[in-house]
Novice: 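The following block contains the structure, expressed as structure tokens.
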Amino acid sequence: MPAAIEVNAMNVVKMKNITKRFGSLVANDNIDFDLRKGEIHALLGENGAGKTTLMRILYGLYRADEGEICVNDNLVNISSPKDAIREGIGMVTQHFTLVPPLSVAENIVLGATDGFLLNPKKIRRLVTEASEKYGIAIKPEALVRNLSVGERQRVEILKALYRKAKVLIMDEPTAVLVPQEVETLFNSLNQLVSQELSVVFISHKLNEVMAICGRITVLRGGKLTGTVEHKDTSEKELAKMMVGRETFGVTRQQDKEPGEPILTIANLSFTDEQGLERLKDVSLEVRCGEVLSVAGVSGNGQSELVKILTGLKKPTSGRVVLNGRDITGSPPAVITAAGMGRTPEDRHAGVIGDLSVAENLALENLDEYKKRGMLDRKLVREHAAKLIEEYQIKATPEDHVRTLSGGNMQKVVMARALSRKPCCVLAAQPTRGLDVGATEYVRSKLLEQSDRGAGVLVVSEDLNEVMELSDRIAVMYEGRIMGIIPALEASEEKLGLMMAGVLEKDETKIL
Amino acid sequence: MNLGIEGIMLLGALVGFATTYQTGSLWLGVLAACLVGILAGLLMALMTVFIGVNQHVSGLGVTLFCTGLAYYAFRVIFGTPANPPQIQPFAQVEVLSGVSILGTILRQYPLTYYAILLVPIVWWVLYRTSFGLKIRAVGENPEAADAAGINVYGVRTVALMISGGFMGIGGAFITLSALGFFTFDIIAGRGWVCIALVIFANWNPIRVLWGSFIFGGVSSLQLRLQLTGINFPYEAFLVLPYIVTIIALTIANRNAAYPAALLKPYKRE
């Protein structure tokens, strides 16, 4: 059949029957994937579906246990990134592989220089030429450590192109960008495919995939669900392919009467050890029965705010009042006792992996499990068994927390915080890295708290989450609150502009 | 961080001395010390780069091993002589000997001049060659270097071997230039001082030069002070360079920019 040969000839990359195991976990189970010349091909799936694993195999960072890879119809053996680069494959990983103290030009030519000498003028010229050719604007002499995330990503892309990549793998490239930067990225990618390059776009965001990709391959639980053309599918269908069932957003009551303020943050400022002003005059008020979210691109002061509210850092100035009690700079134990339910930013920092689930659940208030000065282990275990059932944690009280999945670990953290019926709940990045099921569960639990009458403060980088959960949304940019808007008035564009520091609250009315 | 330096210097001192003692050639001694240093660097690389052993542990291990080996080799070669065996060390080179103070300062051993010459060469290699760029990259972000197709293990191993060679020569300087004989305590913590100097200099070869001038200056100052016969316990003078080192480190360290991957073994997933 001549037609079939023609289709084959268009494939720059063809991966066949790829299987990769990590111990007993099968990360990729017999997966086929092909990439055509000049297309943007999405690799869609939930966290842990095996997208990144598959592409790390193509880039030589992992070796497949089974299966074969063809590049331009030749069977190839890719055992290191060096081999992949030789085959014209480049990858921009989620964690950028740049060397911060080196300049942009040095980073780009790193490992791709010919000859022993390094002529700073020459490499700057080569990098400028490449930057003009592909329409990616950067300053070659700038030090990478001074660049923004979006700029660093451009350096990464140019680095791959400088190595004559014909295939560019982008691993969740938009995760760290604000919406406006995403647009710039999409323009660059479209320009690249018009120059006959091919792009693999790894993502779990349906709207982005639909916005830019020609074909979409969906993975679920390490298995291939299917490959579809953009024109033959919809967001809804992709969602179904991705999670194996239709998704439901959490429902929440509308028209709630907000209650009295429970947590008042007044003029909070924080300057870190390096003398950088991380928080500038932040004021927020969380009322009983409402969900207030703090949105923003990571690194704009949210971490510092959370650390101050949980007692891990002391503010330089300002006050925090919880339920009428001044908790400014108080230690975590005092803050917990005052009625703050805390789920920290990094859940691994919220639990102790080598202790059991039961021990972790009792950790914040060990005094309540004391009998004649000794820990009453039976009581601890009973308490744990009760919470495990109530919060549907897939574990026994004796399991080490280390062995739990991210979702179950988060449930342990939440169960510990929420079981004490706190008057205020602080949830920092509550669903980061969780799959759809666990995410829905966590969000519904948070809404349950606000229905109960507690004030809920969510700090999140996930705009969907923020818009789905909140009554009001505060946007942080460079340590300042850009503005607080009711969730009903919020749109992704508006929030995006505020997150980028372009719009203050008062200006949003123009939109 | 190669804490093996103290031992490698002692071994270099012995090997350099023994080679010269046997062959009569000072430069052969330097070469032998360099070679044995390279081997010790390779040993360090085997442990830290390939097996991923903690660098403190393996460094101290290399020091203990090299020190022990040096003791043993000395006994095997020279037995236990009543007077330490002697060689004719390098003669000092006279530059501008006519000028009074400058001539005194510039009257140095040839190895000293080569060492100073090495500073711009090392700087040039690190900052103006692609090999140097690779060395800086694997020290700052080995993942990035690996993704860029650089052989991280290879570069780290070669870097350790080169530095091992320098350490060997550094040790040999003391027997072949300064003293002309070998005893077991001749290194006297100078290896550790080298590590302190590197930290003080923020891993910058030019700043290392200034740091070593300060340390060397204070060292010779304390010798002179002892000779002045001031009524003061001489131990206090002996400790002077080390106190200066500690003070310098404390001041410099407050805003030191360590290589990000310092002490971290690299393992590809």
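Throughout, a chain's letter reflects where its sequence line sits, starting with A, and its residues are numbered from 1. This one's a predicted model, so the numbers in the text were calculated from it and none came from an experiment. Side chains are part of it too, since the values below use all heavy atoms of this structure and drop only hydrogens, waters and symmetry mates.
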Novice: First locate atom CG of B:Asn151, then atom OG of A:Ser80, and finally report the distance between them rounded to the nearest 0.5 Å.
Specialist: 9.0 Å
Novice: So which part of A:Leu110 gets closer than 4.5 Å to some heavy atom of chain B, the side chain, the backbone, both or neither?
Specialist: both
Novice: From B:Ser130 OG over to A:Ile123 CD1, what is the distance, rounded to the nearest 0.5 angstrom?
Specialist: 10.0 Å
Novice: Test: salt bridge (charged side-chain N to carboxylate O under 4.0 Å, His left out). Region: residues 101-111 of chain A. Which pairs qualify, not counting sequence neighbours?
Specialist: A:Glu106-B:Arg136
Novice: Can you confirm whether B:Asn141 sits close enough to A:Leu102 that some side-chain heavy atom of one is under 4.5 Å from a side-chain heavy atom of the other?
Specialist: no
Novice: List, one per line, each side-chain donor-acceptor pair under 3.5 Å for residues 136-144 of chain A, sequence neighbours excluded.
Specialist:
none

Novice: Atom CG of A:Leu98 and atom CD of B:Glu140: how far apart are they, to the nearest 0.5 Å?
Specialist: 12.5 Å
Novice: Looking at B:Trp27, I'd like to know if its CH2 atom is crowded, meaning that more than 12 non-hydrogen atoms belonging to other residues, nucleotides or ligands lie closer than 6.0 Å.
Specialist: yes
Novice: Pick one of side chain, backbone, both or neither for A:Phe22, based on which atoms fall under 4.5 Å of a heavy atom in chain B.
Specialist: neither
Novice: Chain B heavy atoms under 4.5 Å from A:Arg86: which part of the residue, side chain, backbone, both or neither?
Specialist: neither
Novice: Count the heavy atoms of every other residue, nucleotide or ligand shown that sit under 6.0 Å from CZ of B:Phe65, and state whether that count exceeds 12.
Specialist: no
Novice: Which heavy atom of B:Ala144 sits nearest to which heavy atom of A:Lys159, and what is that distance?
Specialist: O-NZ, 4.4 Å
